[in-house]
Amino acid sequence: MSSEASDTLDQAMVRSSGLDTLLRDLTDRAVQEVPGAEACSITVRRGGRLLTLAGSDGMPSGLDLRQYENGSGPCVDAAETGEELYAPDLAEESRWPSYTQYALSTGVRCVLAVPVAVEDESGAALNYYGVRAGALDTSRDAARAFAARTGDAIDVALRIERRRQSAADVRTALLSRSVIDQAVGILMARERIDARIALERLRRVSQDRNIKLRDLCGQLVARVSAPDSHRRK
């Protein structure tokens, strides 16, 4: 891949507002950079199952999903085995009969799935789709080079996403702790009880009503904080 293409990918990572935007930009660029590719998608195993993280403009939505449902297909096999899979002419392909029939119905005739090394993930692949038999015969080196570069980009994007999720989890935990503490304080003041007993009462009501403790406490705090709450007393 040219240094100009690499610079453009780096710029895409910088200007991207999120994981979805970045990966969609990468798949669109793959179509531009790999001759014969009419569509491209990124498959990654997350949470024990394969997902399509992004697809280029014009990518038929069911191409990858049909493979996941069947548990077989070029992108599934590439992600699972770490080996490149190439089907130059799906009309002559016999490895994935049900998937092949569907892909041909969407106009896809040629598929190349290149495994991608992604940190902390057990399988990933970049999938290139062509509409002519043999469309990717002479583009496999370019496809591999782009996939290698994409692996680095996916790593960065997923790390950013994990950090964001971790930060969001921490914020949620802090907010939950705060509202629970407020509810405990309200019961302590109303019932003249200590914090341990107040928390036990809240937990018991939470279990009896089958409602999360955080939500129960939030409701109590909201009632007490309502503008007319003092007038109702």
Side-chain angles (χ1 to χ4, degrees), residues 12-27 41-55 59 61-62 64-71 75-76 79-80 116-125 150-233:
M13 293 173 65
V14 171
R15 69 171 178 267
S16 171
S17 60
L19 177 60
D20 293 341
T21 303
L22 167 63
L23 297 181
R24 176 63 178 270
D25 190 44
L26 291 178
T27 56
S41 67
I42 300 172
T43 293
V44 169
R45 177 175 292 281
R46 303 187 75 181
R49 64 193 183 101
L50 291 174
L51 301 170
T52 296
L53 295 185
M59 169 82 180
S61 60
D64 293 346
L65 180 60
R66 187 60 61 94
Q67 296 183 67
Y68 306 152
E69 291 174 344
N70 294 337
C75 75
V76 170
E80 295 282 5
V116 178
V118 178
E119 183 181 347
D120 296 330
E121 303 295 345
S122 58
T150 298
D152 294 337
I154 295 173
D155 275 341
V156 172
L158 290 177
R159 281 198 297 270
I160 292 172
E161 196 72 4
R162 282 192 288 268
R163 290 192 194 105
R164 288 176 177 171
Q165 184 60 52
S166 178
D169 290 343
V170 170
R171 285 194 296 271
T172 298
L174 290 174
L175 288 173
S176 296
R177 184 68 262 173
S178 175
V179 74
I180 291 171
D181 287 344
Q182 290 179 59
V184 167
I186 291 170
L187 279 188
M188 289 174 66
R190 283 185 173 179
E191 306 294 333
R192 306 291 185 181
I193 56 180
D194 63 27
R196 181 183 60 81
I197 295 176
L199 182 57
E200 287 178 355
R201 286 191 182 180
L202 288 168
R203 283 176 174 162
R204 187 162 55 250
V205 173
S206 170
Q207 293 172 355
D208 292 344
R209 296 184 183 178
N210 194 26
I211 181 174
K212 291 181 179 179
L213 178 62
R214 176 191 61 201
D215 295 338
L216 174 68
C217 293
Q219 293 173 8
L220 175 58
V221 171
R223 285 198 301 270
V224 173
S225 302
D228 61 344
S229 60
H230 298 292
R231 289 196 296 271
R232 290 199 299 266
K233 291 181 179 179

Exercise. Got a salt bridge between Arg204 and Glu200, using NZ or NE/NH1/NH2 to carboxylate O under 4.0 Å?
Worked result: no
For this session: Write down the atom of Val76, the atom of Gly71, and the distance for their closest heavy-atom approach.
Result: CG1-O, 3.7 Å
For this session: Would you name the heavy atoms of Ala125 and Ala79 that are closest together and state the gap between them?
Result: CB-N, 4.1 Å
Exercise. Do side-chain atoms of Ser206 reach the backbone of Leu213 as a donor and acceptor pair under 3.5 angstrom?
Worked result: yes
For this session: Taking Glu191 for its side chain and Ala198 for its backbone only, find out whether a donor-acceptor pair lies under 3.5 Å.
Result: no
Problem set entry | Check: Ala124 main-chain N/O paired with Arg45 side-chain donor or acceptor under 3.5 Å | no
Exercise. What is the minimum heavy-atom distance between Asp194 and Ile197, and which atoms define it?
Worked result: OD1-N, 2.9 Å
Exercise. Between Tyr68 and Thr43, which heavy-atom pair has the shortest distance, and what is it?
Worked result: OH-OG1, 2.7 Å
Problem set entry | Evaluation steps, side-chain contact (heavy atoms from CB on, under 4.5 Å), between Gln219 and Ile211 | CA-CA 11 Å; Gln219 293 173 8; Ile211 181 174; 3.3 Å; yes
Problem set entry | Rounded distance [0.5 Å steps], CG in Leu53 versus CG in Leu26 | 11.0 Å
For this session: Report the distance from atom CD1 of Ile180 to atom CG of Asp215, rounding to the nearest 0.5 Å.
Result: 9.5 Å
Problem set entry | Straight-line distance of Gln182 CD to Leu220 CG, nearest 0.5 Å | 9.5 Å
For this session: Please examine the side chains of Arg214 and Val179, heavy atoms only from C-beta on, and report whether any two atoms are closer than 4.5 Å.
Result: yes
For this session: Could you give me the CA-CA distance, side-chain angles and deciding distance for Arg190 and Ile186, then say whether side-chain contact (heavy atoms from CB on, under 4.5 Å) is met?
Result: CA-CA 6 Å; Arg190 283 185 173 179; Ile186 291 170; 4.0 Å; yes
Problem set entry | For Thr27 against Ala54, the heavy-atom pair lying closest together | CG2-O, 3.9 Å
Exercise. Heavy-atom distance under 4.5 Å between the side chains of Val184 and Met188, does that happen here?
Worked result: yes
For this session: Look up atom CD in Gln67 and atom OG in Ser41, then write down how far apart they are to the nearest 0.5 Å.
Result: 8.0 Å
For this session: Measure across Cys217 and Leu202 and return the closest heavy-atom pair with its distance rounded to 0.1 Å.
Result: SG-CD1, 3.9 Å
For this session: Check for a donor-acceptor pair, side chain of Asn70 on one end and backbone N or O of Arg66 on the other, with a separation under 3.5 Å.
Result: yes
Exercise. Under 4.5 Å between any side-chain heavy atoms of Thr52 and Ile42, yes or no?
Worked result: no
